[in-house]
Amino acid sequence: MIQIEVDNITIEAKEGETILNALQRNGINVPTLCHMEDLLPSGACRICVVEVEGMRGLVPSCSYPVSAGMKIKSRSPRVINARKTVTQLLLANHPDDCLYCNRSANCELQDLSVELGVRQRLYKGERTKSRLDVSSPSIVRDPDKCILCGRCIRACEEIQTVSAIDFIRRGSKAAVGTAFDTGLNVSSCINCGQCVVVCPTGALTERSNVEDVLAALSDPNKVVVVQHAPAISVTIAEEFGVKAGSDYDGKLVAALRRMGFDRVFDTSFSADLTIMEEGSELVDRIKNSGVLPMITSCSPGWIKFVETFFPELLPNVSSCKSPQQMLGALIKTFYAEHQGLDPDNIVSVSIMPCTAKKFEAKRAEFSYQNRQDVDYVLTTRELAQLMRMTGVNMDQLPPDSADNPFGERSSAGKIFGASGGVMEAALRSAHYLLTGDELSELKIPALRGSKDRKEVFLEVGGTKIGVAVVSGLGNARSLMEEIKAGRDDIHFIEVMACPNGCVGGGGQPIGVDREAVKERMKTLYTIDRDDSLRLSHKNEQVLRLYKEYLGEPLGEKSHALLHTHYRTREVLR
Amino acid sequence: MTTNVDAILAQYDGAQRDSLIPILQQVQAAEGYLSQDAIVRIGEKLNLPTSKIYGVATFYNQFRFQPQGKNHFMVCRGTACHVKGSGKLLEKLSQATGVEPGKTSRDGLFSIEVVACMGACALAPAISISDHFYPKVTPSKIDQLLVEMRSEPEKN
Ligand code: SF4
Ligand code: SF4
Ligand code: SF4
Ligand code: FES
C-alpha cells in the first residue's frame, strides 16, 4: 500500500493500480466512457481526467498508475471544465433525440450532460445523417447516436473474438462499421448482443418485438403462449430497482398472465427435456464411438460462431435444439393437438436473456410443417418495457405458478441460466443413465463460478469422463483450438456465448454489472439447493411426455421435433 | 486477378500486422482497388479480421474498394491546388458525375480519387484523368471534358 493525496486528503492506494481505481475505492466518483472493467485501458475519451501535481496537462485517470506521494485534484474547476468540454464536444453532432430514444433515462451521455450541468448546445458540429442498420434480426444500429467510445468493438473483439465491427473511416466521417460497411446481418456478427449491453448510448439496441407482442395480445382470435427462460426470473426485478439476485418466479408468471398471455410455460421444463435428449446423445456417442467431444447447442450465438469460425467442429455439436426451440416445437404440435387448438392460431412468444434467440427463432431449421417454432422473442429489457406499458406491477401481484404440462421443472433445468449449469444438470442425469444410480452428491462445485475455463474429470460407472465448461466466445475459441490440435481427454463441453452464461446475456439489463451477474448466479444455485426436485430425469411431466407422445429419447418423434442440423456460414470473417 | 494478390502475399511470408499498409498499397497498385476477395486473403495471411483491415484501409484516403471507372479522375488536394480552388473543383466534379471521392459510378464510366500533391504546384489546380495530366483546370473545363467522355462511343 502507498499513500497518495487527493483533494488535500490522504488516501491509501495499491501500487500499480490506476488513479481511477484508487479514487473509486475511496468514494470519489470519476466519470468514464471508454473504460471497461477487466480490459486494458484505452485512454481514448478523456472524460476521466484529473490534475496531477507536476504534470502539465490533465491526466486520464483510467490509464494512469498511482505512485507514492502523488498529489491529485479530482474536482478542481479545471478538471470539471475539461470534462464538461469533452461532453459538449460529444454533443456537438449528437441528435437531440432523447424523447424518442430507447435509452433515455438509461444513457451515460445523458447522465454526463445532467451531472455536469450542460444546459445548452455550445458547439454546432456537422450532423451526419446515417441510415439505421436494421438488417439484423437481433440488433439495431443507429450510428448517429454513437460517441465512438469503442466499447462495442472491444467487447466484440477482445471478449468474443468475433471482430464483426471496428472503427472505419476517420475525422468527421469516422464510425463503427463492419467490413465493407455492410449491414450486420451479412457480417460475421453472431448476434450475441454483448455490444449492446456495453454501449453507453442508444447507438446499439435490440431489435424490438414489443409492438408485435402487444398486437398479438390484443387479437381475440389468437392464443398467445409464452415461455420464460431460467435466467429471467432472477433478473427481471432489477429493471424495477429491486436488488440484484431477487427471484421473482411466481410474480413473473402472475404478471405475464395479467398482461394477457393465455398460457405461461417455463423454459426450464424443456431444459429438463434437453438433458434427456442430450444426455442420451452423449451416452450413445460414448458407447458407439460417435464423434467426441460432444458440445452443447443451447446457445444460438455459440452455434452461429461454430458455423462461422469452426465449421469443421459441427459434427461435435449436439443435434439437440435449444430449450427455447424444443418447447416452441412442442407447443405447436403436441400441445396444440392435446388442447384442440389450431397451431396457426397460436402465437408463441418467449422471454429470453438473449438477442441471439431472436435470430435463432427465425432460422429456417426451426420450423415444422412451415410454421416457425417460436414467433417472437422478447429480451429481459423488452419484457420490462411491456410491463411498464401495460401498467402491470409485479410487486403487487400474488405469486402464481406456470401452466401444465410445461410448467413443471427440476432445479437442474433452472441452473441452465448460469455457465456450468447445463453441465451439472447433464452429469446428474448421465450418471443415472449410465449406472442406474444417482450421484451421491448432486452439487458439483468445480463447475460453478466465473472462471474462464472449468474442467472436471470423473468416473461414471467405470468410464472415465472429462468435461469442460467455457463461457464468452474468446474462452470458447481457445478451447476449440485445443480440441482441433488433438486434445482428447474431454468428452463433453458446455459453451455459452455470453460471459457467465445467460445471467450475463446480451438481452439482460444494460451495463455489465459484475456484482449483479454474480448475484443472479448465486440465486439460481440457492434455488437448486432448496428444491425438492433436482434431477431432470425425475421431472414427472417430462416422463409423461415421453410416455404419451415422444416415445423415448432420440426416438423418431424426438428426431423430428427436438433435433436439428447446422450449416457452414460463408461470411466475411 | 487473384494471382496478383497471391504473388504479392508470397513476398510477405511470416509477416505481421505492421506489413498491412505496404501490402494494401501493393495490392491496390496491382489491381487498381482492394477487392473483397483481396481483403479476405490478406486477412488470412496476417491473421486479421476483415473488419480491422477495412477499418485501417478506410482510415487512409488512398484506398478504394471499387474498380476504377473508365475515366479515373485524380484530383490534387495539395496546398497550392487548394489555394487555387481544387475544393470547388472536386465538388463540381462530384456533383456533375454523381460520384463521391473514392467511389465509382454505377455505369463504370467515372471514378474519383483524391491525392495529396501531384508535384505540379505551378500548374494548379491540377487533375489527371486515367494518367493523362490536365493543368489549371476550371469548372467549365470539367463540363467540357464530361461532355466529351459521355458522348464517346461505347467501345467493346
Ligand atoms: S443516446 Fe442518450 S443522449 Fe442520445 S438521444 Fe439517446 S438518450 Fe439522448
Ligand atoms: S452482437 Fe456480438 S458478435 Fe455481433 S457485433 Fe455485437 S458483440 Fe459482435
Ligand atoms: S456504438 Fe455504442 S459502444 Fe459502440 S462506439 Fe458507439 S457509443 Fe460506443
Ligand atoms: S474513461 Fe479514461 S480515457 Fe476514457
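Lettering follows sequence order; numbering is per chain, from 1.
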### Message
Counting heavy-atom pairs under 4.5 Å with chain B, which one of Lys173(A), Glu157(A), Arg169(A) comes out on top?
### Response
Arg169(A)

### Query
If you count heavy-atom pairs under 4.5 Å between each of Val162(A), Ile165(A), Ile168(A), Ile153(A) and chain B, which one has the most?
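So the answer, after comparing Val162(A), Ile165(A), Ile168(A), Ile153(A), is Ile168(A).
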
### Message
Given Ile53(B), which partner from the list Leu46(B), Leu20(B), Val40(B), Thr58(B) fulfils the side chain to side chain contact (heavy atoms under 4.5 Å, CB included) test?
### Response
Leu20(B)

### Query
Can you tell which of Leu89(A), Leu91(A), Leu90(A) makes a side chain to side chain contact (heavy atoms under 4.5 Å, CB included) with Thr87(A)?
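Of the listed options, the one satisfying the test is Leu91(A).
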
### Query
SG of Cys146(A) to CG of Leu109(A): how many Å apart, nearest 0.5 Å?
11.0 Å

For [X], is it the side chain, the backbone, both, or neither that has a heavy atom closer than 4.5 Å to a heavy atom of chain B?
X	value
Phe180(A)	both
Leu572(A)	both
Thr178(A)	backbone

### Task
Cation-pi check, Arg170(A) to Phe59(B): give yes when NZ or CZ is under 6.0 Å from the six-membered ring centre and within 45° of the ring axis, no otherwise.
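Flagged: Arg170(A) positioned over aromatic ring of Phe59(B).
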
### Query
Once the angle between the rings of Phe309(A) and Phe305(A) is folded into 0 to 90°, is it parallel (under 30°), tilted (30 to 60°) or perpendicular (over 60°)?
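Phe309(A) and Phe305(A): tilted rings.
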
### Query
Which bit of Ile39(B) is near chain A, if near means a heavy-atom gap under 4.5 Å: side chain, backbone, both or neither?
side chain

